[in-house]
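First up is the structure itself, then whatever we jot down about it.
When a ligand or atom number is given, it counts from 1 through the structure's own listing order.
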Amino acid sequence: MLQKLKHSGTVPHMKKYYSIAFKFSILLSLSPVAQAAELFDAESVRLARAGSKGMIVADDAQAAEWGVDILRRGGNAIDAAVATAFGMAVTRPHFASLGGGGFLIFCPAPRAGKPSDCGVIDFREKAPGAAQKDMYLRNGKALSRLSQNGALASGVPGVTAGLLMALEKYGTMKRQELLSAPISWAQKGIRVSTNTEYAAKHRWNEMNAEARRVFGCNQTTRPCRAGEKLVQPDLARVLKAISKAGAAGFYEGNVGRKIASGIQAAGGIISMQDLSGYSPTVRTPVRGQFKGYEVVTMPPPSSGGTVLVQLLGYFDRAEKAGLLSQGFGSALSLHTQIHGMSLSFADRAEYMGDSDFHPVPLGRMLSENYLDERWKTFVPSRANFPDGPGVLLPEPQHTTHFSVIDSAGNAVAITETVNDNFGSGFVPPGTGIVMNNEMDDFSLQPGVPNLFGLVGAEANAIAPGKRPLSSMSPTIVRDSNGHARIVLGAAGGPRIITSVFQTLANRIQFGMSLVDSVAAARVHHQWKPSHVRIERNTFSPETQEKLRLLGYSLEAGNGLAVVHALERFPDGRVVGAPDPRGEGAAIAE
Ligand code: DON
């Protein structure tokens, strides 16, 4: 039990949240719908914000305030997003480090009454040039510790190049201005967050000496505690180099040299050439329709958008078959959702990877005929999984998602990650940069589960320059006139996709408010392992018993992703809904 809690990603303040949830669940012997709407009210309502101009919903109030300050100075949603991201690289180094990667979707407001094109920037990490398909195998066996800890675990980072590309393509302000506050925070110090303390404790044993020097307190003998001051002079120098020279300040020169030589001295393979050769990729979003809304979301190398659109498609079929009439939280509605999750995650494991390297049959996976055929496997009276059980693994966190809208209605959804807490635990000496362990998102060997228990196949095998398959799902939902209505995404590995799906299902299908849609209890299933994760102390005992009778094996757990969402109504009002499961905040302009 202790072990489970330790790995559950539940940070201390969540204890308060779960105890609120628990008290409510005892006090209220409720219908599932009332349970969902009210269980998490206390925390989610406290966190929610309303406004009528711009809004940022993010994991860190200080960085989001900085982004909103940029909006007030006349910046647009992209300027604000870039400012927030560089801010979080300082305030939330355990998941927003420049040593990670991510995805960004930008939907400009309609022009002259016509919907604008949305753009995707893929700044996911790439496998280094010297990477090999079997690089993590020893005597034919996959050694996950090599893809998860230390210098060999990192892909070539993309955050700096991605943010600067977004700024250049769609922004209006100078990087020097956006970087000014983050530089001073790194120089003068920030207060360590609860989440960062938790992450550092969780990863302390795997951190290299430099990471402990940078993120340790009390003469680096222990992880810094929440509230302690953390000064990051090396990171300040890196940010200054970026301010001065753009992406070259990170990927080349002194900083690039320190990253490459630090990694290689510790047995890693990222070279100067890998760094200077890194470039983000502009992609076309995956699009779907759901009850009159257009869902604009991530294409490969994320599986997020494709699986999300499939899940919404299955949900639509469930509705047409009358299976959702008992509403949110009913056993039948959950049964339909879990079945859809098993179908989609089975596809993910087989077909999905970086489409620049392996053809992903997107058209077929999203075609109405295909979804019709697959949905025929739904059996109302029992669970009907495509296959048997997998391996249960702990579930470390972190990633960060934030949602931005400006007063003109331009919307940005951005999710970044270093994969695990503090990524690989490796900081190249003198840089202050937390390197990712995104190589673990590749399929090391067919059928071998990764950090999140996900399995994969040839489509997601390692190759030089290839990007590992992701679940990150930054998503913008637009109305029929092309106005961004809901901007959302999440942190939480594969639970990102199912949580984004359930948030949209709650809002659009079940008609909950956005705040309730984010807070409501969730389930997660990913085909393998075969159990269904059900949020602890949620859903009625009757509902759970019905699911067991259908043949689902339920596992109570915490940490079903952290969704940060906002909604802009046609009259311009905006509601920000940070997830009460996280430490986030909504800041209104
Ligand atoms: O790209 C992915 O799908 C994973 N690297 C995301 C990891 C994650 O969300 C960790 N959790 N909070």
Q: Take Gln526 and His524, measure what side chain to side chain donor-acceptor pair (under 3.5 Å) needs, and give me the verdict at the end.
A: CA-CA 7 Å; Gln526 59 184 48; His524 172 74; 2.9 Å; yes
Q: Could you check Val427, Ile259, Val418 and say which one makes a side chain to side chain contact (heavy atoms under 4.5 Å, CB included) with Ile433?
A: Ile259
Q) Under 4.0 Å from ligand 1, counting heavy atoms only, is it the side chain of Asp420, its backbone, both or neither? A) neither
Q.
Show the atoms of ligand 1 that are less than 4.0 angstrom away from any heavy atom in Met472.
A. 1 (O), 3 (O)
(Q) Using a 3.5 Å distance criterion without hydrogens, assess whether the side chain of Arg374 forms a donor-acceptor pair with backbone atoms of Leu343. (A) yes
Q: Assess Lys528 against Phe345: is NZ or CZ under 6.0 Å from the centre of the six-membered ring, and within 45 degrees of the ring's axis?
A: no
Q: Measure the distances from the heavy atoms of Arg495 to every atom of ligand 1 and state whether one is below 4.0 angstrom.
A: no
**Q.** Option with minimal heavy-atom separation from atom 6 (C) of ligand 1, where the choices are Asn421, Thr399, Asn450
**A.** Thr399
Q: State whether the shortest distance between N or O atoms of Gly492 and N or O atoms of ligand 1 falls below 3.5 angstrom.
A: yes
Q: Report, in ascending order of atom number, the atoms of ligand 1 lying under 4.0 Å from any heavy atom of Ser471.
A: 1 (O), 2 (C), 3 (O)
Q. Taking the six-membered ring for Trp, are the ring centroids of Phe103 and Phe123 within less than 6.0 Å of each other?
A. no
Q. For atom 5 (N) of ligand 1, which candidate among Asp441, Thr417, Leu469 provides the closest heavy atom?
A. Asp441
Q: Taking only Lys NZ, Arg NE, NH1 and NH2, and the carboxylate oxygens of Asp or Glu, determine whether Arg522 and Glu535 approach each other closer than 4.0 Å.
A: no
Q.
I'd like to know if Phe452 contacts ligand 1, where contact means a heavy-atom distance under 4.0 Å to any ligand atom.
A. yes
Q. If you count the atoms of ligand 1 from 1 in the order shown, which ones are under 4.0 Å from a heavy atom of Ile496?
A. 9 (O)
Q: First locate atom CE of Met88, then atom OG of Ser193, and finally report the distance between them rounded to the nearest 0.5 Å.
A: 11.0 Å
